[in-house]
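Please read the structure below before turning to the comments.
Chain A is the first sequence line, chain B the second, and so forth, proteins listed ahead of strands; every chain is numbered from 1.
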2 protein chains.
Amino acid sequence: MNDKDNIAKSESTEQKIKEAARRVFTSKGYAGTRTRDIAEESGYNLALINYYFRSKEKLFEIIMMENLQLFIGSIIGMLNNEATSLDEKIDQLVTYYVDMLMVNPGIPVFILNLVNNNPSALFEGVLGGNTVSDTVFATQFKEQMKKKKLTIHPLHLFMNIVSLTVFPFASAPMIKAKNGISDEEYNQLMLERKILIPKWIKVMMDM
Amino acid sequence: MNDKDNIAKSESTEQKIKEAARRVFTSKGYAGTRTRDIAEESGYNLALINYYFRSKEKLFEIIMMENLQLFIGSIIGMLNNEATSLDEKIDQLVTYYVDMLMVNPGIPVFILNLVNNNPSALFEGVLGGNTVSDTVFATQFKEQMKKKKLTIHPLHLFMNIVSLTVFPFASAPMIKAKNGISDEEYNQLMLERKILIPKWIKVMMDM
DNA sequence: AGTGACATTAATCATCTGATTAAATCAACT
DNA sequence: AGTTGATTTAATCAGATGATTAATGTCACT
């Protein structure tokens, strides 16, 4: 039996279509992409995408889940890791996001669109029930605040980390266009931020 | 002559359609809104929107320009104001964005989509030719850096201000949903940030 | 009341788009 | 070579959508 060839072939084109769909959906959003765009981008026929993935919507859901996983899947573990200190968590978060976003710069805008157009119920499932305030991360932060006699909501810390790290990627096209900055220069700035943001965060929370 | 009544009537419905379009476009994006959505949201007939604004595209351009103006129009003046100190500029920027975004929370995602889907040429016109590095703001920052024997790209400062201020609004639906936070609580957090962000920025740039 | 200009509507058109179908191609095995 | 099952394609369908048109309504002025 050489289904292997068939399967290999099949998985190959299925995979190629999915990759094409990922590129198109991530850059143009759900409403903005036509099934024909995906067909063209993948190099295959229009009917193929419905043959492999029953519908445009099903295909989108797959891409959506993968992107959501990429954006928030890994960090829950980091936030709840008992073995790392608060400072280490900050380093990890920033490093994870910068590295991931340099490879997938379209993810933030994709996620933001998702969140703005979909019923929040959808995210409950993916995100799990944990609120940021219930994480080890938040507990460690609250302890530190107590020592320094400060009171800042843990959400501020979390928002600050994510904002400083993610927003420059989301707004990259605008900043590049407006400041005549090349892709290489921009990447250089992002690499600088990978070092700077943890330092910044630490002094911010130390006021 | 009582064109007044006609004009008043006309401007009223034209205005109402534009407001409806603003709401729909801002929340669903260009591809995601159907002309029929705008008609329904405005309470008027489908044909009316083409009667007043030749096409969906023309109408979108109007909304787009207004939103762009809201998002970046006012800040160029702030950045180039010779009469204010760097610290005052930071305060002004944060205050402007927080106040504006509490009224128009959909603007950031709208702008980010725009920037990701459109040719950069479009923005040249709206943004004017000024790069951030050429502003009084950047000059003042460089001077301060020189005094403190530090070297940080002015763009980092600008990105930090905008990131810390704008991103929490863009990601509000996700954060609210994930943390079970009400609109009032979230607004409260944003008001706190209006005070905190300038302080944070100042210690960050003082390391 | 009649006229003219603008405002509004319902009905219709042409095109786009997601999906389906039926036929053709291909690879593996007998 | 023939059979079988999976893959791929071209052609087509049905519904959605942006736009247009022709008819009707409204209002000020004569």
Could you pull out every donor-acceptor pair under 3.5 Å between side chains of residues 155-167 of chain A and any protein atom, sequence neighbours left out?
| residue | atom | partner | partner atom | Å |
| --- | --- | --- | --- | --- |
| A:His156 | ND1 | B:Arg193 | NH1 | 3.1 |
| A:His156 | NE2 | B:Glu192 | OE1 | 2.9 |
| A:Asn160 | OD1 | B:Arg193 | NH1 | 3.1 |
| A:Asn160 | OD1 | B:Arg193 | NH2 | 2.6 |
| A:Asn160 | ND2 | A:His156 | O | 3.3 |
| A:Ser163 | OG | A:Met159 | O | 2.6 |
| A:Thr165 | OG1 | A:Ile161 | O | 2.6 |

For A:Thr13 and D:dT8, is the shortest distance between a side-chain N/O and OP1 or OP2 below 4.0 Å? yes

If you compare every side-chain N and O of B:Tyr51 against the phosphate oxygens of C:dA7 (OP1, OP2), does one of them come in below 4.0 Å? yes

B:Glu57: partners by side-chain hydrogen bond (donor to acceptor under 3.5 Å, both in side chains), with sequence neighbours left out: none

Tell me every residue that passes side-chain hydrogen bond (donor to acceptor under 3.5 Å, both in side chains) with B:Ser42, counting only those two or more places apart in sequence or in another chain. none

What does the list of N/O pairs under 3.5 Å between the protein and nucleotides 15-18 of chain D look like, with a distance for each?
| residue | atom | partner | partner atom | Å |
| --- | --- | --- | --- | --- |
| D:dT17 | OP2 | B:Arg34 | NH1 | 2.5 |
| D:dG18 | OP1 | B:Lys56 | NZ | 3.2 |
| D:dG18 | OP2 | B:Thr35 | N | 2.8 |
| D:dG18 | OP2 | B:Thr35 | OG1 | 3.1 |
| D:dG18 | O5' | B:Thr35 | OG1 | 3.2 |
| D:dG18 | N7 | B:Arg36 | NH1 | 2.9 |
| D:dG18 | O6 | B:Arg36 | NH2 | 3.4 |

Can you name the salt bridge (Lys or Arg N to Asp or Glu O under 4.0 Å) partners of A:Lys194, sequence neighbours left out? A:Asp99

Distance-only side-chain donor-acceptor flag, B:Thr35 / B:Lys56, under 3.5 Å: no

Who pairs with A:Glu88 by salt bridge (Lys or Arg N to Asp or Glu O under 4.0 Å), at least two apart in sequence or on another chain? none

Run the salt bridge (Lys or Arg N to Asp or Glu O under 4.0 Å) test against B:Glu66 and tell me which residues pass, sequence neighbours left out. B:Lys18

Report, one pair per line, the protein and nucleotides 23-25 of chain C atoms (nitrogen or oxygen only) whose separation is under 3.5 Å.
none

Restricting to side-chain hydrogen bond (donor to acceptor under 3.5 Å, both in side chains), what partner residues turn up for B:Gln188, sequence neighbours left out? none

